[in-house]
Amino acid sequence: MRELLADTAARATRYISGIDDRRVVPSEEDTARLQALGGPLPERPSDPAELVALLDDVGSPATVATTGSRYFGFVIGGTLPAALAANWLAGAWDQNAAMQIMSPVAAKVEDIVREWTLDLLGLPSSSGVGFVTCTTMANFSGLAAARSALLQRVGWNVEEDGMFEAPAIRVVVGEEVHVSVLKALSMLGLGRSRVITVPADGQGRMQAEALPVLDEHTIVCMQAGNVNTGAFDPAKEICARAREAGAWVHVDGAFGLWGAVSPRYAPLLDGVSDADSWAIDCHKWLNVPYDSGMVVVRDPEHLRRALSAGSAAYLAQGAGREPWQYTPDSSRRARGIELWAAMRSLGRSGLREMIERNCSQARLFADRLRAAGFAVLNDVVLNQVLVSFGSPEHTRCVIAEIQRDGTCWCGGTVWRGHTAMRISVSCWATTDEDVERSVAAMIRIAKSVKPE
Ligand SMILES: Cc1ncc(COP(=O)(O)O)c(C=O)c1O
């Protein structure tokens with residue numbers, strides 16, 4: 001065991017040390033070599049050291065360097081050193097974070113991270129928090145709490161009696177709602193297409209004045225940080241209207257909620273703390289390993305009622321917060337450990353500095369690309385940039401060539417009818433030099449590529 005882990009640590013260290021000197025995406029040959037991992041399952045046991053060596057030799061070159069400093073696709077942050085180290089230790093601990101009795105350290109760390117997060121993001125300090133895999137599950141969990149609360153008000157127990165014949169719930173979303181919210185609604189029996197859709201402005205912000213009449217049977221799903229533009233729905237107006245009517249507001253704040261830690265970006269989130277539930281991603285901007293998200297619900301009882309499994313004689317209920325009462329899953333890894341490590345290693349000022357640096361790097365990208373004659377399609381209010389290199393065909397060819405080139409990686413999108421490249425800056429390791437090197441590659445490619 002000792003030699004195996006030391007060898008694995010050495011291999012992982014070599015991988016991380018070389019990450020910025022390699023292509024961001026693997027070559028076709030590297031991907032083709034993955035065949036070596038397959039074949040029939042061996043009849044006899046394999047030596048762990050040999051299989052780790054095979055995994056490293058064949059697998060490492062076929063990774064995408066998402067934890068490196070020049071990956072600007074989707075919204076994928078890297079992994080902070082402290083978070084990775086904590087992940088290794090927690091892996092060795094092999095804790096089941098479901099119950100206090102299974103892991104006092106996992107339960108305690110969740111309590112601590114719950115408090116730190118609510119404080120950092122300015123959310124109500126008595127809120128309930130569940131440690132989930134991703135924003136999709138955080139949206140699911142927050143909306144499960146909303147569904148439970150709204151139906152309870154009219155005397156319907158959805159956990160016991162289900163959705164058949166339940167009183168109706170209306171769901172309002174913005175035109176630019178993230179697909180994960182619609183997926184969550186579909187899983188909750190609320191339907192993807194049953195929603196009332198509010199038009200959005202040119203940045204993707206829900207137009208508050210176009211909200212329908214709200215009431216106590218309505219859930220409004222708003223967004224803090226549009227996945228394309230980074231724009232924020234107007235929380236103050238939406239929450240005020242909802243409060244007056246007794247409606248529930250759920251915030252999909254995957255990466256945008258982290259903006260609250262910076263006085264520079266907090267005004268974009270004005271009023272967001274008046275909502276009822278929030279979904280937050282941690283594998284994105286907090287830069288912990290996949291998979292990690294948090295659901296926050298103002299009244300913990302709604303979250304607990306929606307997600308607790310009920311009782312079984314062999315499952316002990318301790319005093320205080322039982323982690324599994326606040327998540328869809330029961331047995332799970334202790335993902336709170338990495339959150340604790342990331343927050344403690346950065347401190348409040350380090351987290352603020354990382355967010356502000358990534359946002360100013362997004363502006364640097366936009367300035368350089370505009371100066372080179374390309375159109376930036378969004379107001380760069382946070383860490384997202386949309387750029388068009390000309391016609392849709394030309395933009396698509398440039399994106400494909402940037403991806404092939406390997407200096408950096410960005411994905412494509414269509415924003416309000418315009419084909420664009422998305423740049424998302426969300427990694428602790430990204431330096432201004434990384435931005436300059438990447439933007440130089442983008443401009444060189446955009447000027448040399450001819451549409452196919
Ligand atoms: C606004 C928003 N909501 C939800 C998601 C889904 O996040 P996850 O992939 O963690 O489920 C994303 C992902 O980029 C997002 O940007």
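- Counting heavy-atom neighbours within 6.0 Å of Arg444 CZ, excluding the residue itself, gives a total above 12.
- No side-chain donor-acceptor contact under 3.5 Å links Thr63 to the backbone of Ala65.
- Distance OG1/Thr218 to CD1/Ile169: 9.5 Å, rounded to 0.5 Å.
- Between the side chains of Asp252 and His250, no donor N or O sits under 3.5 Å from an acceptor N or O.
- Ring orientation note: the planes of Phe74 and Trp409 are close to parallel, at an angle under 30° on the 30°/60° scale.
- Side-chain atoms of Glu175 and Thr197 form no donor-acceptor pair, as typed in the model, at a separation below 3.5 Å.
- Judged by distance alone, the side chain of Arg298 and the main-chain N or O of Ser273 form a donor-acceptor pair under 3.5 Å.
- Using a 3.5 Å distance cut-off with no hydrogens or angles, the side chains of Ser277 and Trp248 do pair a donor with an acceptor.
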Worksheet item: Could you go step by step and tell me if Arg23 and Asp405 meet the side chain to side chain contact (heavy atoms under 4.5 Å, CB included) rule?
Response: CA-CA 8 Å; Arg23 291 167 51 80; Asp405 169 76; over 6 Å; no
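- With rounding to the nearest 0.5 Å, the separation of OG1 in Thr117 from CE in Met343 is 3.0 Å.
- The closest donor-acceptor contact from the side chain of Ser103 to the backbone of Ala97 lies at 3.5 Å or more, if one exists at all.
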Item to complete: Report the C-alpha distance between Gln207 and Asp201 in whole Å, list the side-chain angles of each, state the deciding distance to 0.1 Å, and finish with yes or no for side-chain hydrogen bond (donor to acceptor under 3.5 Å, both in side chains).
Response: CA-CA 6 Å; Gln207 294 181 320; Asp201 68 11; 5.4 Å; no
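- Inter-residue side-chain proximity for Met442 and Thr407 is flagged as unmet; no heavy-atom pair is nearer than 4.5 Å.
- Shown are Asp434, Thr431, Thr430; of these, the side chain to side chain donor-acceptor pair (under 3.5 Å) with Ser69 is made only by Asp434.
- At distances below 3.5 Å, not a single donor-acceptor pair connects side-chain atoms of Arg192 with backbone N or O atoms of Leu185.
- Using a 30° and 60° split on the angle between ring planes, Trp340 and Trp116 fall in the parallel class, below 30°.
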Worksheet item: So Arg416 and Glu176, salt bridge (Lys or Arg N to Asp or Glu O under 4.0 Å) or not? Walk me through it.
Response: CA-CA 10 Å; Arg416 310 221 129 206; Glu176 289 296 334; 3.4 Å; yes
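- Remark: side-chain polar atoms of Asn226 are not paired, donor with acceptor, to backbone N or O of Ala231 under 3.5 angstrom.
- Side-chain N/O atoms of Gln384 and Ser424 include a donor and acceptor closer than 3.5 Å.
- Look at Arg333 and Asp291 and you find a salt bridge, because one of the NZ, NE, NH1 or NH2 atoms lies within 4.0 Å of a carboxylate O, short of that distance.
- Under the 3.5 Å distance criterion, the side-chain polar atoms of Asn287 are left unmatched by any main-chain donor or acceptor of Ala429.
- Between the Trp258 side chain and the Asp281 main chain, a donor and an acceptor come within less than 3.5 Å of each other.
- Val376 has its side chain within reach of Val385: a pair of non-hydrogen atoms, C-beta onward, lies under 4.5 Å apart.
- What you find for Gly336 and Val109 is that their closest heavy atoms are O-CG1, 3.3 Å.
- Other residues, nucleotides and ligands contribute only 12 or fewer heavy atoms inside 6.0 Å of the CZ atom of Arg368.
- A donor-acceptor contact shorter than 3.5 Å is absent between the side chain of Arg147 and the backbone of Leu143.
- Side-chain contact, Asp30 with Ser27: a donor N or O sits under 3.5 Å from an acceptor N or O.
- For His394 and Phe389, the ring centers sit 6.0 Å or farther from each other.
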Discussion item. Applying side chain to side chain contact (heavy atoms under 4.5 Å, CB included) to Val295 and Trp278, what does each step give before you reach the verdict?
Written reply: CA-CA 6 Å; Val295 57; Trp278 301 265; over 6 Å; no
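- Salt bridge Glu209/Arg241: absent, no basic N to carboxylate O contact under 4.0 Å.
- A salt bridge between Arg33 and Asp57 is absent, with no side-chain N of the basic residue lying under 4.0 Å from a carboxylate O of the acidic one.
- Counting heavy atoms from C-beta on, the side chains of Tyr71 and Cys410 never come closer than 4.5 Å.
- The shortest side-chain heavy-atom distance between Val64 and Pro26 falls under the 4.5 Å cut-off.
- Here CZ of Arg243 is found 14.0 Å from CD1 of Ile238. Values are rounded to the nearest 0.5 Å.
- Using modelled atom types, one finds no donor on one side chain facing an acceptor on the other under 3.5 Å when comparing Ser426 with Asn358.
- For the atom pair NE2 (His283) and CG (Leu339), the distance works out to 11.0 Å, reported to the nearest 0.5 Å.
- Taking the charged nitrogens against the carboxylate oxygens, Arg363 and Asp367 have no contact shorter than 4.0 Å, which rules out a salt bridge.
- In terms of heavy-atom proximity, Leu303 sits nearest to Ser141 at CD1-O, 3.9 Å.
- When all heavy atoms of Gly271 and Cys239 are compared, the pair lying nearest together is O-SG, 3.6 Å.
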Practice prompt. Start with the C-alpha gap between Ile219 and Arg170, add the side-chain angles, then the distance that decides, and say whether side chain to side chain contact (heavy atoms under 4.5 Å, CB included) holds.
Written response: CA-CA 6 Å; Ile219 303 170; Arg170 289 194 317 158; over 6 Å; no
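- Here Ile423 contributes atom CD1 and Cys408 contributes atom SG; the two are 8.0 Å apart, rounded to the nearest 0.5 Å.
- The pair Glu28-Arg404 fails the salt-bridge criterion, with no side-chain N (NZ, NE, NH1 or NH2) lying under 4.0 Å from an Asp/Glu carboxylate O.
- Of all the heavy atoms in Ala342 and Leu80, the pair that sits closest is CB-CD1, 3.7 Å.
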Worksheet item: Between Met421 and Leu386, is a side chain to side chain contact (heavy atoms under 4.5 Å, CB included) present by the stated rule, with each step listed?
Response: CA-CA 6 Å; Met421 185 175 82; Leu386 296 177; over 6 Å; no
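- To the nearest 0.5 Å, the span separating CG on Asp276 from OG on Ser127 amounts to 10.0 Å.
- Side-chain contact check for Arg396 versus Thr419: some heavy-atom pair is nearer than 4.5 Å.
- The closest donor-acceptor contact from the side chain of Arg422 to the backbone of Gly73 lies at 3.5 Å or more, if one exists at all.
- Put simply, the side chain of Thr67 reaches to within 4.5 Å of the side chain of Ile19, judged on heavy atoms.
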Worksheet item: salt bridge (Lys or Arg N to Asp or Glu O under 4.0 Å) between Arg332 and Glu110: does it pass, once the steps are laid out?
Response: CA-CA 13 Å; Arg332 63 182 166 83; Glu110 286 194 6; 2.8 Å; yes
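- Contact of the Val296 side chain with the Leu118 side chain is registered, since non-hydrogen atoms from C-beta on lie closer than 4.5 Å.
- Ring centers of Phe365 and Phe72: under 6.0 Å apart, within the cut-off.
- For the pair Ser360 (side chain) and Arg357 (backbone), a donor-acceptor distance under 3.5 Å is present.
- Phe374 and Ala446 make their closest contact through CZ-CB, 3.6 Å (heavy atoms, listed as atom of the first residue, atom of the second, distance).
- We find that Lys236 and Asp274 are not joined by a salt bridge, their nearest charged nitrogen and carboxylate oxygen being 4.0 Å or further apart.
- In this model, no donor atom of one side chain and acceptor atom of the other lie less than 3.5 Å apart for Asp233 and Gln223.
- Val425 and Gln361 get closest at one heavy-atom pair: CG1-OE1, 3.6 Å.
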